[in-house]
Amino acid sequence: PTASGDPTRDTHWQSAVEIWARQLKNRVSGLCLDVPGPGTPYQTAGKTGLVVNACEALVADNARDQLWRTNERADRATSVVPGEGHWGKWRESKFCPDATWAHGFAIRVEPDQGSGGDDSALNSVRLVCADTSRAENYTVSSHNGWWGDWGAIRSCPPGSFLAGASLSVEPDQGPDGDDTAANDVKFVCSDGSELGSTGGLDWGKWGPTAYCPANTRVCGLSIRLEDQKGDGPDDTAMNGLELQCCAGPPRTTAGTPTT
């Protein structure tokens, strides 16, 4: 389904979806024998592959819930996940200071390692936060990742803030392939303009854009990051992105996505 453009109706629609998702999550909890913290082995004896996948998703969801609750902003409305790979664990969510929102971002990318090299591609994303005056900026990152250099900051036009994003993720390359997981990210501003990154790689496939609800803006983030695996194994670094959405001034009208 798509949003209607009516903020009241869309809020009710979003609430219904969240309730349905929570009910589904509770049902899956009953099928999983144990749902531990992130990185802990667990058993799903006798369950089908579908249930195993659902349990894995539930573990990741619980991990995200626990992490953002540790330093949640009072005006946090919800979170959205623009994309996610297969490996790693969610890192602690970090928020912009109160009464500020993200208006820019930068990415850390390991360059192409050439034939025979182990590529990790996208390693991290950081946000640049400010209030409406932009008199002072704050940088926020969930984790800096492991390899590569930070690209240039891309910022929304004055008066506009980040409102959503899309993540480019490379599919699983199989046992003999070089996996890179997340490759690039692009954001949409609250005035409808799009911000591409500087330095992203192109091995991945773009997922759909995930938008914060109307009258909210991006105010924090968490990344899913695989630990370093040492010599030999295939490193992928960043595997997912979650954006936190906090209450803020209404979006501008021209070109605004109706989400």
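Reckoned from all heavy atoms, side chains included, excluding hydrogens, waters and symmetry mates.
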Determine yes or no for a side-chain-to-main-chain donor-acceptor pair under 3.5 angstrom, with N123 supplying the side chain and W146 the backbone. yes
For a 4.5 angstrom cut-off between non-hydrogen side-chain atoms, does C129 reach C219? no
Before giving the answer on side-chain contact (heavy atoms from CB on, under 4.5 Å), spell out for W150 and N144 the whole-Å C-alpha distance, their side-chain angles and the decisive distance to 0.1 Å. CA-CA 10 Å; W150 286 100; N144 283 329; 3.6 Å; yes
Any donor-acceptor N/O pair, D191 side chain to S193 backbone, under 3.5 Å: yes
Single-linkage hydrophobic cluster, 4.5 Å side-chain cutoff, L241 and L195 together: yes
Give the minimum heavy-atom separation between D119 and P111, together with the two atoms involved. OD1-O, 3.8 Å
Distance from D178 atom CG to Q113 atom CD, nearest 0.5 Å? 9.0 Å
Looking at OG of S120 and CG of L225, how far apart are the two atoms once the value is rounded to the nearest 0.5 Å? 9.5 Å
Value rounded to 0.5 Å, distance of OG in S166 from CD in E194: 8.0 Å
Answer yes or no: is there a side-chain heavy-atom contact under 4.5 Å between L162 and V188? no
Do the side chains of M238 and W203 join up, straight or via other hydrophobic residues, at under 4.5 Å, putting them in one cluster? yes
Pairwise side-chain contact, Q244 with V140, heavy-atom cut-off 4.5 Å (strictly under): no
So does R91 get a backbone contact from the side chain of S222, meaning a donor-acceptor N/O pair under 3.5 Å? yes
Using the test side chain to side chain donor-acceptor pair (under 3.5 Å), find all partners of S142 that sit at least two apart in sequence or belong to another chain. none
Residues R224 and E84 bridged, charged N to O under 4.0 Å: yes
Taking the side chain as everything from C-beta on, heavy atoms only, tell me whether S141 gets closer than 4.5 Å to V125. no
With distance as the sole test, does D131 use its side chain to make a donor-acceptor pair with the main-chain N or O of S133 at under 3.5 Å? yes
For side-chain contact (heavy atoms from CB on, under 4.5 Å), just list the numbers for T100 and R73, CA-CA rounded to whole Å, side-chain angles, deciding distance to a tenth of an Å, and then say yes or no. CA-CA 11 Å; T100 70; R73 260 173 59 161; 4.2 Å; yes
Donor-acceptor check, side chain of N183 to backbone of A181, threshold 3.5 angstrom: yes or no? yes
Decide yes or no for L167 and K186: does some side-chain heavy atom of the first lie under 4.5 Å from some side-chain heavy atom of the second? no
Strictly below 4.0 Å, N to O, side chains only: are K205 and D172 in salt-bridge contact? no
For side-chain contact (heavy atoms from CB on, under 4.5 Å), just list the numbers for D179 and W87, CA-CA rounded to whole Å, side-chain angles, deciding distance to a tenth of an Å, and then say yes or no. CA-CA 10 Å; D179 291 298; W87 305 284; 3.5 Å; yes
Kindly give the heavy-atom pair with the smallest separation between C245 and T216, and that separation in Å. CB-OG1, 3.8 Å
Test side chain to side chain donor-acceptor pair (under 3.5 Å) applied to S160 and S190, step by step: CA-CA 5 Å; S160 182; S190 54; 3.0 Å; yes
Here the pair of heavy atoms bringing W101 nearest to C96 is C-SG, 4.0 Å
Indicate, with yes or no, if I107 and W206 share a hydrophobic cluster defined by side-chain heavy-atom contacts under 4.5 Å among Ile, Leu, Val, Met, Phe, Trp and Tyr. no
Find the distance between CD (E170) and CG (L122) and round it off to the nearest 0.5 Å. 12.5 Å
Approximate separation, where rounding is to 0.5 Å, of D202 CG and D184 CG: 8.5 Å
side-chain contact (heavy atoms from CB on, under 4.5 Å) between F187 and L243, worked out: CA-CA 11 Å; F187 281 83; L243 300 175; 3.9 Å; yes
Does any non-hydrogen side-chain atom of E242 lie less than 4.5 Å from one of L221? no
For S124 against I223, the heavy-atom pair lying closest together: OG-CD1, 4.0 Å
Assign the ring pair F161 / H103 to parallel, tilted or perpendicular, where the plane angle (0 to 90°) is split at 30° and 60°. perpendicular
So, D118 side chain and D234 main chain: donor-acceptor pair closer than 3.5 Å or not? no
Do T180 and L201 have side-chain heavy atoms sitting under 4.5 Å apart? no
Just so I know, are the side chains of Y138 and L127 near enough to count as touching, which here means a heavy-atom distance under 4.5 Å? no
Distance-only, no hydrogens or angles: does the R126 side chain make a donor-acceptor pair with backbone N or O of R108 under 3.5 Å? no
Donor-acceptor pair, N239 side chain versus A237 backbone, under 3.5 Å? yes
Atom OG1 of T236 and atom NZ of K229: how far apart are they, to the nearest 0.5 Å? 7.0 Å
